[in-house]
Amino acid sequence: MTSILEWLKRLFRRSLKFPVSFPTAGWETIPADDKIEEEQMADVLQQNYYLPVAIGDILLSRYQVVGKLGWGTTSTVWLVRDLEMNDYMTLKIFSHDMLAGEESAFYDKIKQGNQQHLVSDRVRTKIAEFELTRCKIWKHLALLQEPLGESLLDIQNRSVGERLDKLSIQSTIYQVLLALDYMHTEYNLIHGDIKGDNIFQEIGDKTRLDRCVRAEIEHPSAGRIEYGYTVYRSRPLEPASQLGKIQLGDLGSAEPGDTPRNGQLLQPALYRSPEVMLEKEWNYPVDIWNLGVWAWRAFEGSPLFPFEEDGDAYSTSVHLAHITGLLGPPPPDFIEPDTISAEYFDKDGNWIVEDCEVHTTSFEDLEKHLEGEDKEMFLDLMKGMITWRPEDRKTPRELIEHPWLQGIFGHLVVTG
């Protein structure tokens, strides 16, 4: 039976002849009042910062664009077919105003390192980079990378309660810790942006990409033309059968760890560590805090520090008040007089912001899905990651050995 299935897969792959001819009409037009993807960055789009790309285009006489995978404030990401190598790749194309060279340099650093390391495949790499030019004026850096499957955010969004199950969160924490240990110790790099949409599954069965192209031919992606630029709705890849090996991607916020940082903003607001908020010196432990807070939200289905209430904008005061309510007052030696810390705490670590209350809570009260020893072990893991002092947080290597994560390696599979 297996051999028949493999024969059918190979037959289907041969049925697509590249370059592919895509429909020139018949796609759904998105209503004008429905702002999607790049359109949410209206000023950026209007100023032609994004490179116009049409599905079906052949870039650099070699890479045919066969689908849109996603977008961000700094780039768009496309599924392409390498017509010379007869294989799929992804192309991340930066907007022309972005200084993306540093991210590319970090990928170079990883690529030139120890690729025989046991966990080198847990960190996203690049194959090559190109410069795409528009109108002989605008230049766009493009990174060529191996295609990956769904992000963990995609998996959360289609899961009951928008949360990951126990085995999935254990596997994800374990693998991201492997990736962080590799980045921190082999390359002295801080990731700085750990969240679900930067953690990806390996693609596994590439016939899913064939089916994605076939779907684009038969049911073209919805789109609309704005300012002479075609905005497409991204087409998600079909889900894998189960969570398997993952990669930590997107080095756009990465920082060298061998150079002390002080006062420089880092991390998504929801996952920002206290030393960053208080403009203290920070380093590798920011990634541990970031991973712990993200993992809590992904597993529990609600944020550990719910600073956004009733649609209010982000507030450092509210965020620090929630941290204080959970962890208690910061140690006095963590508070530095005559710094921004004095806006929130007195010299003994007591909260002093008058219009923002601290509500005491605990990890035990907030955790809703585990019981008994299982719950105790999970909370012990979280408490080793979420601490006021960076030096009190455990390292990736220490956390990998935590009892709650043992046995996970045997469950890892290549997704199909």
Side-chain angles (χ1 to χ4, degrees), residues 40-44 72-74 153 156 162-163 190-198 252-253 255 261-283 285-363 365-368 382-383 385-390 392-393:
Q40 298 173 56
M41 304 291 293
D43 292 342
V44 176
T73 57
T74 64
L153 180 62
Q156 279 181 254
E162 296 188 355
R163 54 179 296 268
I190 301 164
H191 187 276
D193 192 16
I194 300 170
K195 54 186 180 180
D197 45 351
N198 285 339
S253 298
E255 294 286 349
R261 294 289 193 272
N262 195 314
Q264 179 181 342
L265 199 61
L266 186 75
Q267 302 174 296
L270 182 63
Y271 309 128
R272 194 165 292 154
S273 57
E275 63 267 34
V276 173
M277 285 186 274
L278 295 177
E279 299 181 5
K280 295 169 61 67
E281 184 174 302
W282 51 261
N283 211 293
V286 297
D287 278 341
I288 299 301
W289 173 281
N290 190 165
L291 174 59
V293 178
W294 172 81
W296 181 281
R297 186 184 194 189
F299 181 57
E300 296 295 328
S302 58
L304 187 59
F305 306 119
F307 60 78
E308 290 183 335
E309 298 177 350
D310 301 322
D312 291 341
Y314 174 75
S315 164
T316 299
S317 295
V318 173
H319 198 169
L320 286 170
H322 280 300
I323 294 173
T324 303
L326 178 66
L327 301 181
D333 62 358
F334 187 74
I335 303 302
E336 299 176 347
D338 302 320
T339 69
I340 193 174
S341 301
E343 296 181 15
Y344 307 101
F345 305 98
D346 65 19
K347 62 181 179 60
D348 297 317
N350 298 308
W351 185 252
I352 61 173
V353 181
E354 295 182 357
D355 59 348
C356 183
E357 295 185 18
V358 169
H359 300 282
T360 302
T361 186
S362 68
F363 286 98
D365 289 341
L366 294 174
E367 204 293 307
K368 305 296 184 185
M382 291 293 104
K383 290 175 183 179
M385 303 171 78
I386 302 168
T387 68
W388 279 110
R389 291 191 188 98
D392 291 340
R393 290 172 215 151

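Scanning all heavy atoms of the two residues, the minimum distance from I288 to R393 falls at CG2-CB, 4.3 Å. Closest of all the heavy-atom pairs between I352 and F345 is CG1-N, 3.7 Å. Residues M382 and A295 share a closest heavy-atom pair of CE-CB, 4.5 Å. L278 and I340 make their closest contact through O-CG2, 3.0 Å (heavy atoms, listed as atom of the first residue, atom of the second, distance).
You'll find the side chain of L270 stays beyond 4.5 Å of the side chain of Y314, heavy atoms only. Inter-residue side-chain proximity for R163 and E300 is flagged as unmet; no heavy-atom pair is nearer than 4.5 Å. Using a 4.5 Å cut-off on side-chain heavy atoms (C-beta onward), V318 and C356 make contact. Taking 4.5 Å as the limit, every side-chain heavy atom of E357 sits out of range of all side-chain heavy atoms of W351. Q267 is not listed as a side-chain neighbour of W282, based on a closest heavy-atom distance of 4.5 Å or more. When side chains are defined from C-beta on, W388 counts as touching I323, because their heavy atoms get closer than 4.5 Å. Between W289 and I386 the shortest side-chain heavy-atom distance falls below 4.5 Å.
Listed for the D348 side chain is no donor-acceptor partner under 3.5 Å among the backbone atoms of N350.
The CE atom of M385 lies 9.0 Å from the CG atom of N290; values are rounded to the nearest 0.5 Å. Distance NE2/H319 to OH/Y271: 10.5 Å, rounded to 0.5 Å. Atom CG of L304 is separated from atom CG of L366 by 6.5 Å, given to the nearest 0.5 angstrom.
Taking D193 as the reference, H191, K195, N198, S253, P268 meet the side-chain contact (heavy atoms from CB on, under 4.5 Å) condition, with sequence neighbours excluded. Taking D355 as the reference, V353 meet the side-chain contact (heavy atoms from CB on, under 4.5 Å) condition, with sequence neighbours excluded. Residues passing the side chain to side chain donor-acceptor pair (under 3.5 Å) test with K383 are E364, sequence neighbours excluded. Qualifying side chain to side chain donor-acceptor pair (under 3.5 Å) partners for S302, counting only residues two or more places apart in sequence or in other chains: none. For L265, the side-chain contact (heavy atoms from CB on, under 4.5 Å) partners two or more places apart in sequence, or in a different chain, are R272, V276.
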Show which side-chain atoms of residues 324-339 pair as donor or acceptor with protein atoms under 3.5 Å away, not counting sequence neighbours.
residue	atom	partner	partner atom	Å
T324	OG1	L320	O	2.8
D333	OD1	R389	NE	3.2
D333	OD1	R389	NH2	3.0
D333	OD2	R389	NE	3.4
D333	OD2	R389	NH2	3.1
E336	OE2	K280	NZ	3.0
T339	OG1	E336	O	2.5
T339	OG1	S341	N	3.2
T339	OG1	S341	OG	3.3

